[in-house]
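Quick notes on the structure that follows.
As the structure is a prediction and not an experimental result, all values here were calculated from the model. Whatever order the structure lists ligands and atoms in, that order sets their numbers, starting from 1.
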Amino acid sequence: MVTHAQRVAMKGVPAFRLNCSRGFATLCALNVADHWSFGDPASMVIVMKKGSSREDLARVVRAVEALGFRPHVLPGMERTAVGITGNPGPLDPDVFERLPGVARAIPVSQPFKLASREMKPEDTVVTVGSRAIGGGGLFVIAGPCAVETGEQVLETARLMKLAGADALRGGAFKPRSSPYSFQGLGKEGLSLLAKAREATGLPIVTEAVDQASLELVDEFADVVQIGARNMQNYELLKRVGRLRKPVLLKRGMSATLEDLLLSAEYVLAQGNPNVILCERGIRTFSRHNRYTLDLSVVPASRELSHLPIFVDPSRATGRRERVPAMARAAVAAGADGVMIEVHPSPGEALCDGRQALLPHEAADVIAQLRAIAAIVTRKAEAVR
Ligand code: PEP
Ligand code: MN
């Protein structure tokens, strides 16, 4: 039920509420609460003044908590902001603008709140190993679709390290279309990835397919990949949100950008700010590639969200010879990173061999991507 303090903080409601007689008031409050529980409550971001103190920030956080809503402190280069979620109705900015140190309280109109640029204008930068994802640089993840053997992973890892990749990918748990296809080595695959990391220093990116595999993946991985099929597995997203580990969230094959950002919101709302989006192709009437790589989602996402966005051209094209062109296009379009599949002998791969680059081909592509990245600006200012 909505408390008196919450009612006062919620714009437009007090007048309505005050006009009600006592008995009728309960009914009104009930109706209002019912109404609020449907649809999408507008959220708010409180932007602190440049020179505001820690006490000012703490006071704002306490004020939001006292109302029974959830504060999310969003540190920025210039100013700190506090996002509010959990409010069942629109908020009155005056309630927060009166507090010392507050510059402005701005309503957030998008259905995804913490993921929106309205809430956080600056690009999110996710740190993986000693490298940053987002904020202007280019981050390359390379490796096999699936971990198959120790030699396969180690050889790929060594060559990708030499090629200048920033992280090694490899699935130990594989969500396959057919139940008869190779399903991954499971925990053994994770140990092989860990050995490759030890040998090369490359952080590892690997997929969790359910809550049980997430527990194992969390023990080993530097970045948890959530695949296209699980993009709307909200319980899994909530679990990932309770970790602090970076999450590579792939777009579902029939998901809109809004769906993707709402899925990211599930992770952010649990307190994990380290979300990286990834376009991997969608299903359309086109049949000339495995999926249609929707590269225009890159500028669209950068406009609506502060989260870094990756592109996986291997998954989308399904053909090794088409991967370099789409990887280059992705970087030119402003992607913060690219994930490419690489295999030392693609003809023998247990999974997706047709789309895997040979290590020397991947090395050439990575060099080209670095050259393109050097002349393309991917900072937030470039999109607004
Ligand atoms: C993969 O990256 O190997 C994979 C299974 O991708 P997606 O979830 O995009 O299909
Ligand atoms: Mn694959």
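- Nearest-heavy-atom check against atom 5 (C) of ligand 1 across Glu207, Arg251, Glu279 picks out Glu207.
- Salt-bridge annotation for Asp210 and Arg229: absent, with no side-chain N of the basic residue lying under 4.0 Å from a carboxylate O of the acidic one.
- Here Arg169 pairs with Glu341 in a salt bridge; the nearest charged N to carboxylate O distance falls below 4.0 Å.
- A donor-acceptor pair shorter than 3.5 Å can be found between the side chains of Arg290 and Gln355.
- Under a 4.0 Å criterion applied to the non-hydrogen atoms of Cys145, ligand 1 contributes the atoms 3 (O).
- The shortest side-chain heavy-atom distance between Val47 and Phe96 does not fall under the 4.5 Å cut-off.
- For the pair Arg280 and Tyr291, the distance from NZ or CZ to the six-membered ring centre is under 6.0 Å and the angle to the ring normal is within 45 degrees.
- The single protein non-hydrogen atom nearest to atom 6 (O) of ligand 1 is Lys250 NZ, 2.9 Å, given as residue, atom name and distance.
- Checked for salt-bridge contact, Glu97 and Arg104 miss the test: no charged N lies under 4.0 Å from a carboxylate O.
- Those atoms of ligand 1 that come under 4.0 Å of a heavy atom in Arg169, given as number and element, are 1 (C), 2 (O), 3 (O).
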Please lay out, stage by stage, how Asp218 and Lys245 fare under the test salt bridge (charged side-chain N to carboxylate O under 4.0 Å, His left out). CA-CA 8 Å; Asp218 183 34; Lys245 206 156 261 185; 3.2 Å; yes
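- With no hydrogens or angles considered, no side-chain donor-acceptor pair links Arg242 and Asn272 at under 3.5 Å.
- For a threshold of 3.5 Å applied to N or O pairs, the pair formed by Arg315 and ligand 1 contains at least one separation below that value.
- With 3.5 Å as the limit, one finds no donor-acceptor pair spanning the side chains of Asn87 and Thr85.
- Looking only at heavy atoms of the protein, atom 8 (O) of ligand 1 is closest to Ala228 N, 2.8 Å.
- Protein heavy atom in closest approach to atom 9 (O) of ligand 1: Arg280 NE, 2.7 Å.
- Below 4.0 Å from some heavy atom of Arg229 lie the following atoms of ligand 1, by number and element: 10 (O).
- Ion pair Lys49/Asp56 not flagged as a salt bridge, since none of the NZ, NE, NH1 or NH2 atoms sits closer than 4.0 Å to an Asp/Glu carboxylate oxygen.
- Applying the 4.0 Å criterion to heavy atoms of Gly227 picks out, from ligand 1, the atoms 8 (O).
- Side chains of Gln211 and Arg239: a donor on one and an acceptor on the other come within 3.5 Å.
- Considering backbone and side-chain N/O of Gln225, one or more are found under 3.5 Å from N/O of ligand 1.
- Of all the heavy atoms of Lys174, the ones lying under 4.0 Å from any atom of ligand 1 belong exclusively to the side chain.
- Listed by chain and number, the protein N, O or S atoms at a distance under 2.8 Å from the Mn ion (ligand 2) are Cys145 SG, Glu341 OE2, Asp352 OD2.
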